[in-house]
Engineer: 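Dropping a structure here in structure tokens format, bear with me for questions.
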2 protein chains.
Amino acid sequence: MGRRRSETVTLGDVAKRAGVSIATASKAINDRGEVAAATRARVLRAAAELSFQPNILAQGLVAGRTRAIGLLTDEFDGRFAIPILLGAENALSNQEMSVLLCDTRGDAIRRNHHIRTLLARQVDGFIVVGDSNDVRASLTADIPVPAVYVYCRSTNPADLCLVSDDEGGARLAIEHLIALRRKHIAHITGPQSYRAARDRAATVHTVLAEHDLRLAGGQPLHGEWSQRWGRHAARLLIATAPEVDAIFCGNDQIASGVTQALTGLGRRVPDDVAIVGYDNWEIFAADCKPPLTTIDLNLQQLGTTAVTHLFAAIDGRPATGVVRQPCRLVVRESTA
Amino acid sequence: MGRRRSETVTLGDVAKRAGVSIATASKAINDRGEVAAATRARVLRAAAELSFQPNILAQGLVAGRTRAIGLLTDEFDGRFAIPILLGAENALSNQEMSVLLCDTRGDAIRRNHHIRTLLARQVDGFIVVGDSNDVRASLTADIPVPAVYVYCRSTNPADLCLVSDDEGGARLAIEHLIALRRKHIAHITGPQSYRAARDRAATVHTVLAEHDLRLAGGQPLHGEWSQRWGRHAARLLIATAPEVDAIFCGNDQIASGVTQALTGLGRRVPDDVAIVGYDNWEIFAADCKPPLTTIDLNLQQLGTTAVTHLFAAIDGRPATGVVRQPCRLVVRESTA
DNA sequence: TTGTATGCGTTATCAA
DNA sequence: TTGATAACGCATACAA
């Protein structure tokens with residue numbers, strides 16, 4: 001049964017056509033010095049004429065490496081995983097590495113199954129993409145290759161985890177509003193169960209205090225990550241703290257809802273109230289009316305960084321601990 | 001140099017521990033009948049004790065198949081590719097197949113490079129995910145394995161292309177509005193350069209005509225796929241065709257913008273004007289005020305279907321032509 | 001500089 | 001029922 005696709009051309013075919021042995025052909029193609037220039041040229045021409053492609057399976061079998069890595073994600077329909085994955089895929093393919101994608105759908109059995117499969121495929125390493133909030137069971141004990149955790153934490157402090165710098169992002173937002181001379185700054189954000197929401201809220205307090213300010217409304221308004229909550233919270237806020245002249249929102253959807261509600265209440269953005277969102281999800285931020293100033297997480301860069309670290313680890317120079325990826329302020333009309 | 005990870009356990013290790021030859025161990029593990037029950041049990045136990053995982057590279061080398069497929073996408077940050085990819089990945093992993101992911105970023109060189117790499121990795125087939133609008137150069141001539149095109153067309157009519165049923169989707173929307181006794185139905189949609197926009201607009205005309213109705217405003221309003229265009233078009237429409245009592249929008253973002261603008265103009269949704277969106281992108285459709293009735297493309301199912309067809313093709317039963325995936329009406333408050 | 005021979009881990013053939 | 005042995009395609013000591 002078709003154990004070999006007839007058209008497949010192997011190193012043997014190349015060698016035959018060039019009139020040399022397989023060993024010589026191999027050396028020529030892999031540019032090992034021990035071959036005469038003329039021979040090398042003959043081999044390369046033969047290879048080109050036959051469109052020879054070395055079988056990566058065979059190479060991997062002998063080398064013990066496959067130039068492939070496993071990308072593990074729990075819920076990759078979430079919008080955060082995508083840019084990370086994209087950044088990683090890009091960086092990897094620049095290094096001639098392939099990506100084996102596995103979505104575990106939050107199912108531990110599925111996850112273990114995927115890990116076993118990937119190991120059976122002899123991947124050279126793992127990138128684990130999380131959802132920022134939860135802590136992932138460390139793979140380190142179960143696998144013989146390096147792993148890097150992105151946008152999540154691992155249970156093992158000796159693992160390398162790359163996360164977004166929530167404190168830095170919140171600081172960027174608040175200092176921007178303060179620079180605009182806003183004095184009554186409020187914070188509408190997502191559930192307190194989210195670490196990101198808690199960390200950023202804490203930083204909001206800190207930065208305001210550094211400038212002798214207090215949060216308008218006294219406390220952050222915790223709710224959902226939705227436009228609906230934004231609309232609702234904005235009305236609450238105007239009722240309880242009508243002096244508010246700036247709102248830092250936990251994501252762009254909330255900011256969009258806030259903006260809609262404020263406009264409905266007759267407040268002008270940014271003249272009466274400046275708005276800053278979070279995530280720079282362009283479909284919301286740039287298409288809002290007015291377009292939203294927001295914080296970009298540099299997620300794609302996060303994916304790229306992960307690859308860099310994974311390569312270092314594969315080369316025997318592993319890093320460790322939690323690394324924070326800086327955010328970036330994107331100024332649009334909502335604070336212009 | 002480290003040509004083998006020391007901990008790796010091979011079939012030889014299992015065989016030794018079970019006190020049999022490698023050949024016998026292989027037969028026992030692969031359940032080939034020609035082995036005594038007791039021996040088989042011994043081998044399986046040894047394998048379990050050593051957590052033996054067969055090396056898929058070696059298996060693939062001898063079998064000529066790898067149980068891996070290549071997933072090629074041009075711009076996978078677009079939101080349509082994601083659910084398709086998710087559906088495909090899910091179906092594939094259910095069949096113990098792995099996915100090699102490649103994003104070509106619309107670059108032909110990159111694309112060819114990826115294809116060569118995937119072939120060198122001996123993938124058993126390809127799934128090509130497009131962006132619905134453009135026609136993809138057929139791979140068939142260049143590759144020795146089957147390919148299925150999803151959410152795009154191929155230049156070769158003999159290829160199998162899976163697309164969304166735009167006509168059916170538009171029909172669902174318009175017939176829904178007609179069933180609600182709306183008489184003045186308008187259509188606000190994306191650029192005419194998009195095949196989907198053209199096909200749906202044509203169907204809108206057809207279905208209205210079937211019910212002796214004409215489009216409110218006379219012509220579809222073609223613009224961008226954005227909220228901004230939705231807001232703008234809604235104001236245009238109210239100015240030129242104030243009698244409008246229903247609007248079918250080309251996507252959920254346009255519908256969201258339309259809804260915002262209508263609300264600002266004092267029209268109630270759905271009482272004065274019913275709205276239907278397209279795509280069922282929940283983050284927009286379900287979080288709109290009011291939540292949007294919309295058309296779901298069943299993209300995940302599209303991915304699953306692609307895998308089914310790819311398997312058939314790999315098994316020597318290829319299909320051909322353009323297959324349309326039916327859409328689904330999702331009713332929410334904007335037409336309730 | 002070139003070629004021979006061996007091994008990577010597995011499956012399959014065929015003798016024993 | 002079992003076990004040598006030969007592939008699969010490639011890379012590499014080592015001999016020539």
Engineer: Rounded to the nearest Å, what distance is computed from the CG atom of residue B:Leu61 to the P atom of nucleotide D:dA11?
Structural biologist: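 Distance check: B:Leu61 CG to D:dA11 P gives 12 Å.
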
Engineer: Does a side-chain N or O from B:Thr24 land closer than 4.0 Å to OP1 or OP2 of D:dT2, or not?
Structural biologist: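 Checking B:Thr24 against D:dT2: no side-chain N or O falls below 4.0 Å of OP1 or OP2.
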
Engineer: Which heavy atom in B:Leu57 sits nearest to a heavy atom in A:Arg121, and how many Å separate them?
Structural biologist: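 Reported closest heavy-atom pair: CD1-O, 3.5 Å.
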
Engineer: Rounded to the nearest 0.5 Å, how far apart are CG of A:Leu92 and CZ of A:Phe311?
Structural biologist: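 If we round to the nearest 0.5 Å, A:Leu92:CG and A:Phe311:CZ are 5.5 Å apart.
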
Engineer: Atom CG of A:Asn55 and atom C1' of D:dA11: how far apart are they, to the nearest Å?
Structural biologist: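 My rounded result for the distance is 13 Å.
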
Engineer: Once you round it to whole Å, what is the distance between C1' of C:dT11 and CD1 of B:Ile56?
Structural biologist: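 After rounding, the reported distance stands at 15 Å.
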
Engineer: For B:Ile22, which contact category applies under a 4.0 Å heavy-atom criterion: base, sugar-phosphate, or nothing?
Structural biologist: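 Answer is base: heavy atoms of B:Ile22 come under 4.0 Å of a base.
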
Engineer: How many Å lie between CZ on A:Arg121 and P on C:dC8, as a whole number?
Structural biologist: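 After rounding, the gap between these two atoms is 22 Å.
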
Engineer: Any idea which heavy atoms bring B:Cys152 and B:Arg136 closest together, and the distance?
Structural biologist: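 Scanning both residues, the minimum pair turns out to be SG-CG, 3.5 Å.
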
Engineer: Any base atoms under 4.0 Å from A:Ala23, or only sugar-phosphate, or nothing? Heavy atoms, all strands.
Structural biologist: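 Base, at least one base heavy atom under 4.0 Å.
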
Engineer: Output the rounded distance in Å from CG (B:Asp31) to P (C:dA12).
Structural biologist: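 Taking atom P of C:dA12 as the reference, CG of B:Asp31 is at 13 Å.
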
Engineer: Using a strict threshold of under 4.0 Å (side-chain N to carboxylate O), is an ion pair present between B:Arg105 and B:Asp107?
Structural biologist: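 B:Arg105 and B:Asp107: not salt-bridged.
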
Engineer: Look at A:Thr10 and D:dG9 and indicate whether a side-chain polar atom (N or O) is within less than 4.0 Å of OP1 or OP2.
Structural biologist: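 No, A:Thr10 has no side-chain N/O under 4.0 Å of OP1/OP2 on D:dG9.
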
Engineer: Just the rounded figure in Å: distance from P of D:dT12 to CG of A:Leu11.
Structural biologist: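 The answer, rounded to whole Å, is 12 Å.
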
Engineer: Tell me what B:Glu34 touches on the nucleic acid: a base, only sugar-phosphate, or nothing, going by heavy atoms under 4.0 Å.
Structural biologist: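 The answer is base, as B:Glu34 lies within the cut-off (heavy atoms under 4.0 Å) of a base atom.
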
Engineer: Once you round it to whole Å, what is the distance between P of C:dG9 and CD1 of B:Ile29?
Structural biologist: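 Taking CD1 of B:Ile29 and P of C:dG9, I get 15 Å after rounding.
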
Engineer: Taking for each residue the nucleotide of DNA chain D with the nearest heavy atom, is it B:Thr39 or B:Ala58 whose nucleotide lies nearer the 5' end?
Structural biologist: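 Checking each residue's closest nucleotide, the 5'-ward one belongs to B:Thr39.
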
Engineer: To the nearest Å, how far apart are B:Lys27 NZ and D:dT1 C1'?
Structural biologist: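 To the nearest whole Å, that distance equals 8 Å.
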
